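Structure record follows, encoded as structure tokens.
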Amino acid sequence: MAENHGKEEVVERPDDFHIDVPSDDDDNNANINIIEPFKLKAGLSVNSKSSLLILNQEINMPWVTFIKIWNSTSLHVCADGGSNRLLAYINKFANSTHDDDCKKFKPDYIVGDLDSITDKTRKFYSDMKEEVKILLQETQYSTDLMKSLSLINLHFNFHKELINSLKEFDEHDGIEKLNKNLNKNLGFEKLSLIDVYILGGIGGRFDQTIHSINQLYHISSYYHNKLHLTFFNRDFEDLVLLIPKGLNFVKIHKQQIGSKKNAKHNRVVGLLPIGKEVIINTKGLKYDVTNWKSSIDSKVSTNNLIAGDNGFEMECTEDIVINFQIFDNDFA
Ligand SMILES: Nc1ncnc2c1ncn2[C@@H]1O[C@H](COP(=O)(O)OP(=O)(O)OP(=O)(O)O)[C@@H](O)[C@H]1O
Ligand SMILES: Cc1ncc(C[n+]2csc(CCO)c2C)c(N)n1
């Protein structure tokens, strides 16, 4: 791809632009970071250390999609009022097996200051005893999202220590303190890679949305890129994640781009430099950019589209937020 200097350009591509997926065998591709944002939604296998985190926004997606994402993730966590949303969603799909469903789709943990979980939800999950761990973390200096992310890292990277600490638990901010100490002692380079798929957190209250974006940047930097966050809106049509600085290939499976008829709406992309100013080079977007300087107080590429049949390359000089819009009928 082009170097990060020289002429700034935008080139318009045809809708069916061919782009090769970088092959694993090619040594030149050793430092390309492959990102597959639609794997979970398509029900394809994801990293074994992956978690579904349900935040406090109504869930509004097709049941088949919900089952796919639940079954593709190995750990299920609700942030405080997220537990009410999970139970309400499952109740909405109540059928003859309703009671079984509520028990089957139970979270491993509910965590937060617990000011939003209702008595009914709390009783329902408390009755499952050890199967659902309800963890109070009272501090008002971090959000339930932050508390949940610390817990997820502890669960995958420091399971023994987490279980031991639950015996004599600091209900103020024990989880975050333990996580901080253990990360520091082990060293971030030794942490396992974890994917966290987050339902909610965007598209609702504006300060909560900005807080979610703040966490995208903060977590990427704090965990040295070992904890990947993907936010989904309540309809599961919008995905928001961070593209790390460097050379990336965003891989899209052909069947995920959607039918020709409504393809345009199915592959919207926004390159959103909410953090630092960034120089971007892309190959495979409808409006491909070269040496393109972008920042929130200058220009931003919104309403762009994926043109590449297999995805697109993206090189950036800083981490950048990206959003994709993909409708569900492509995955059913
Ligand atoms: N209106 C909203 N829009 C977007 N995200 C939300 C909204 N409300 C809650 N969330 C997300 O869900 C998480 C859990 O929310 P909950 O309502 O249980 O607690 P809260 O007391 O409102 O949030 P917090 O304690 O984290 O500030 C929050 O940390 C936030 O990430
Ligand atoms: C500078 C500063 N601004 C806001 C809050 C408030 N706050 C941030 S997270 C949180 C918990 C919500 O469940 C609360 C109340 C603070 N503590 N410090």
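Start at 1 and go down the list; that is how both ligands and their atoms are numbered. Just so it is clear, the structure is predicted and the values come from calculations on it, not from any experiment. The chain is numbered in sequence order, starting from 1.
For the residue pair S301/N304, the side-chain donor-acceptor check at 3.5 Å is satisfied. Between the side chains of S142 and E176, a donor-acceptor pair is found at a separation under 3.5 Å. For the residue pair D80/N56, the side-chain donor-acceptor check at 3.5 Å is not satisfied. Between the side chains of N164 and K167, at least one donor N or O lies within less than 3.5 Å of an accepting N or O. Inspection of the N157 and H159 side chains reveals no N or O donor paired with an N or O acceptor under 3.5 Å.
Protein heavy atom nearest atom 17 (O) of ligand 1, with residue, atom name and distance: N56 ND2, 2.6 Å. Here the heavy atom of the protein found nearest to atom 10 (C) of ligand 2 is Q140 O, 3.2 Å. Looking only at heavy atoms of the protein, atom 18 (O) of ligand 1 is closest to G81 N, 2.8 Å. Nearest non-hydrogen protein atom to atom 11 (C) of ligand 1 is L55 CB, 3.8 Å.
For atom 4 (C) of ligand 2, no protein heavy-atom neighbour is present inside the 4.0 Å cut-off. Closer than 4.0 Å to atom 1 (C) of ligand 2 lies none of the heavy atoms of the protein.
Listed by atom number, the atoms of ligand 1 under 4.0 Å from S116 heavy atoms are 16 (P), 17 (O), 18 (O), 19 (O). Listed by number with element, the atoms of ligand 1 under 4.0 angstrom from any heavy atom of D115 are 21 (O). Remark: ligand 2 atoms within the under-4.0 Å shell around heavy atoms of Y141 are 17 (N). Within ligand 1, the atoms closer than 4.0 Å to a non-hydrogen atom of G204 are 3 (N), numbered from 1 in the order shown. Under a 4.0 Å criterion applied to the non-hydrogen atoms of L145, ligand 1 contributes the atoms 29 (O), 31 (O).
Of the candidates L135, D113, I175, D113 is the only one forming a side-chain contact (heavy atoms from CB on, under 4.5 Å) with K147. Each of L53, L86, L87 was evaluated against C78; a single residue qualifies, L86, per the side-chain contact (heavy atoms from CB on, under 4.5 Å) test.
Ion pairing between a basic and an acidic side chain is recognised when a charged N comes within 4.0 Å of a carboxylate O; R85 and E58 show no such pairing. A salt bridge does not link K245 with D319: none of the charged nitrogens is closer than 4.0 Å to a carboxylate oxygen. We find that K286 and D15 are joined by a salt bridge, their nearest charged nitrogen and carboxylate oxygen being less than 4.0 Å apart.
When heavy-atom distances to ligand 1 are checked against a 4.0 Å cut-off, R205 comes that close through both its backbone and its side chain. At a heavy-atom cutoff of 4.0 Å, ligand 1 is contacted by no atom of I117, backbone or side chain. Contacts between Q57 and ligand 1 below 4.0 angstrom, taking non-hydrogen atoms only, involve the side chain exclusively.
In this pair, W70 and H76 present their aromatic rings parallel. The plane angle is below 30°, not in the 30 to 60° band.
By the 3.5 Å distance cut-off applied to N or O atoms, D144 is counted among the residues near ligand 1.
Ligand 1 has no atom lying under 4.0 Å from any heavy atom of G200. D113 counts as a contact of ligand 2, since one of its heavy atoms falls under 4.0 Å from the ligand.
Of the candidates Q208, Q215, R85, Q208 brings a heavy atom nearest to atom 6 (C) of ligand 1.
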